[in-house]
J.: 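Following this message is one structure expressed as structure tokens.
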Amino acid sequence: MGIFDWQVFRMVSTSGSNRTMKRILCGFFVVCVSIFTAVPFASAAYIADPVLKTDETSISNGEKEVVRGQSNREGRAADPTGYITNGQEVQPPVTPYEEQVEPNVLDMFVSDAPKKVSLYDSGAALVRQTLLCSLNPGENKIILSDLPQSINIATAELISEIDGVSVVSKGTVSDDFGVVKLMWTVNSQTACDASFLITYMLDGLEWSVDYSALVSADGQNANFVGTISIANPTDANLTSSYLEMVSSNPSFPGEKVGHTMASTMGLRCYEIEGMVDIPSYSILTVDLCRLNGLDVQTRYMVEDTSSAPSAQIGDREKLPVELELRLSNVDSPDKVTSRDLPSGKVRVFVKSEDHFVFLLYEGEVETIDADVPSLCIRLGSVPDVYVERVCTDKKKVGTSSWEDAYQLVFHNLHKSEMAVSLVKDFPSDWTVLQSTPFGWTKTDDGKAQLDVTVEGLQNMTVLFKVRYTSLGI
């Protein structure tokens, strides 16, 4: 405080005439003392720790850059974070941002694509169809929205048909309505138009084959028609389908079953010509064959299935005689049909002279091969006609050779004459040594056949001796 200020303070304090002035001067004095006391302490602290000072340096573009905590001594790192070294600011490491690429999601519809359907006699169906879509490089998601809910999800497969595209995994997703959809994750090396094969199994389908033969009144001609009925009680809409009937249960679900593979596995495949539609919850009837004007022949057949090596002297057996209907194609004598036909039910009708139709026979027919010259339908056994077989002699003539002698008695209790054919399957290397009064012939499949004509209400006896080789005795 200066001398002048002190004198003024003293005058005011001693005069006592102005108390207000005293209060003002006292307050001014207190403020001055506080200012002059605080400044020296702040200066001392700044000198003691120069790290707290802040310098300003210019950068090339004329702007100011503040360097925090720069040391005034060489080599001192002042910032505990380590971002300032040797008096220079070091920027912290920056982690590069990796852009997340979303997979390409394809919501596909396959209901309109043509399908190949293999129907098995167990009720299972293998469906195969081609899916075309455009893929992006990397990961793609393929969602099939319109696959039927009745499919067996475990058997659904997606198979890539081009190089550079691979199927990684299979899963399911649900939409807002809770409908489960199949989804596959697919990787593609490049952007491309890809082709996939989709396969899946359906259960619950049923199919049956029915044949009918209508014989003319004179018994000379017949029409033969075969149809297949397919019941689809599922929600699968099998439109635009190529049908294939397989006469065995599927051994490898999900695999493509073709004619080559089927023959290796012992299966029989029958294709339906043309494309058909099998809507959901419907029954479809398709023609398998329609053969008109076939030539009709009837014969009485006896099939002896007994084992010759096990026969003993004195063994006696009664063999039934069956009526066989043979239908042959006059225009194509070598084959009755152009393709194989599956086994099924058969009905034989006879038209009378007054145009009434009578059911003659109802039963089963075996598989009809395309390379056989005639179609044979066994109409069952004929009453009052039979063959009695008796083994009269048996002896061993070599290490594995045998000679058997038999007596065959053909009984015909009908008034009309009958021609009966007996077929016997002997072991290998068989030879008929003696046969009276009718001889034996060898069929195309290596069996022995005996043709006998028996007068009405008569019997016919045939004696024969056969030599054969059997390694099992």
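Numbers here simply count residues along the sequence, with the first being 1.
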J.: For the backbone of Asn221 and the side chain of Ser216, can you confirm whether one donor and one acceptor N or O come within less than 3.5 Å of each other?
T.: yes

J.: Is the shortest side-chain heavy-atom distance between Leu205 and Ile278 below 4.5 Å?
T.: no

J.: For the pair Ser241 (side chain) and Leu243 (backbone), establish whether a donor and an acceptor sit closer than 3.5 Å, ignoring hydrogens and angles.
T.: no

J.: For a 4.5 angstrom cut-off between non-hydrogen side-chain atoms, does Val209 reach Tyr270?
T.: no

J.: Check whether any side-chain heavy atom of Asp304 lies under 4.5 Å from a side-chain heavy atom of Tyr406, and answer yes or no.
T.: no

J.: Sub-3.5 Å donor-acceptor pair from the side chain of Lys345 to the main-chain atoms of Ser208, do we have one?
T.: no

J.: Would you compute the distance between atom CE of Met183 and atom CG of Leu106 and round it to the nearest 0.5 angstrom?
T.: 12.0 Å

J.: Before giving the answer on side-chain hydrogen bond (donor to acceptor under 3.5 Å, both in side chains), spell out for Gln449 and Thr441 the whole-Å C-alpha distance, their side-chain angles and the decisive distance to 0.1 Å.
T.: CA-CA 5 Å; Gln449 179 172 323; Thr441 59; 5.1 Å; no

J.: Looking at Phe358 versus Phe349, is the centre-to-centre ring distance below 6.0 Å?
T.: no

J.: Taking the side chain from Lys170 and the backbone from Ala156, do they hold a donor-acceptor pair closer than 3.5 Å?
T.: yes

J.: Measure the spacing between CG of Asp193 and CG of Leu135 and express it to the nearest 0.5 Å.
T.: 8.0 Å

J.: Measure the shortest side-chain to side-chain distance between Ile159 and Val167 over non-hydrogen atoms and say whether it is less than 4.5 angstrom.
T.: no

J.: Kindly say whether Ile162 contributes a backbone atom to a donor-acceptor pair with the side chain of Ser160 at under 3.5 angstrom?
T.: yes

J.: Would you say Thr185 and Lys141 make side-chain contact, with heavy atoms under 4.5 Å?
T.: yes

J.: Could you tell me whether a side-chain N or O of Ser435 sits under 3.5 Å from a main-chain N or O of Phe438, the two making a donor and an acceptor?
T.: yes

J.: Could you tell me whether a side-chain N or O of Thr155 sits under 3.5 Å from a main-chain N or O of Met201, the two making a donor and an acceptor?
T.: yes

J.: As an exercise, state the distance from NZ of Lys115 to CZ of Arg128, rounded to the nearest 0.5 Å.
T.: 13.0 Å

J.: So, do Ile143 and Val105 sit near enough that their side-chain heavy atoms are less than 4.5 Å apart?
T.: yes

J.: Between Ser195 (side chain) and Glu161 (backbone), is there a donor-acceptor pair under 3.5 Å?
T.: no

J.: Do the side chains of Val452 and Val454 get nearer than 4.5 Å, heavy atoms only?
T.: yes

J.: Please check if the number of heavy atoms outside Asp163 that lie under 6.0 Å from its CG is greater than 12.
T.: no

J.: Does the pair Arg467 and Asp429 meet the rule for a salt bridge (charged side-chain N to carboxylate O under 4.0 Å, His left out), with working shown?
T.: CA-CA 8 Å; Arg467 177 184 295 170; Asp429 298 331; over 6 Å; no

J.: Any sub-3.5 Å donor-acceptor pair from Asn232's side-chain atoms to Thr234's backbone N or O?
T.: yes

J.: Look at the side chain of Asn187 and the backbone N and O of Val168, then say whether any donor-acceptor pair between them is shorter than 3.5 Å.
T.: no

J.: Between CH2 of Trp207 and CG of Leu119, what distance do you get to the nearest 0.5 Å?
T.: 7.5 Å

J.: Does Glu362 pair with Arg347 as a salt bridge, N-O distance under 4.0 Å?
T.: yes

J.: If we only count heavy atoms from C-beta on, is the Asp287 to Ile272 side-chain gap below 4.5 Å?
T.: no

J.: Can you classify the ring geometry of Phe464 versus Trp440 as parallel (below 30°), tilted (30 to 60°) or perpendicular (above 60°)?
T.: tilted

J.: Charged N to carboxylate O below 4.0 Å: is that the case for Arg299 and Asp451?
T.: no

J.: A cation-pi test, strictly: NZ or CZ of Lys318 under 6.0 Å from the centre of the six-membered ring of Tyr386 and no more than 45 degrees from its axis. Yes or no?
T.: yes

J.: Return yes when atom OH of Tyr361 has more than 12 non-hydrogen atoms of other residues, nucleotides or ligands closer than 6.0 Å, and no otherwise.
T.: yes

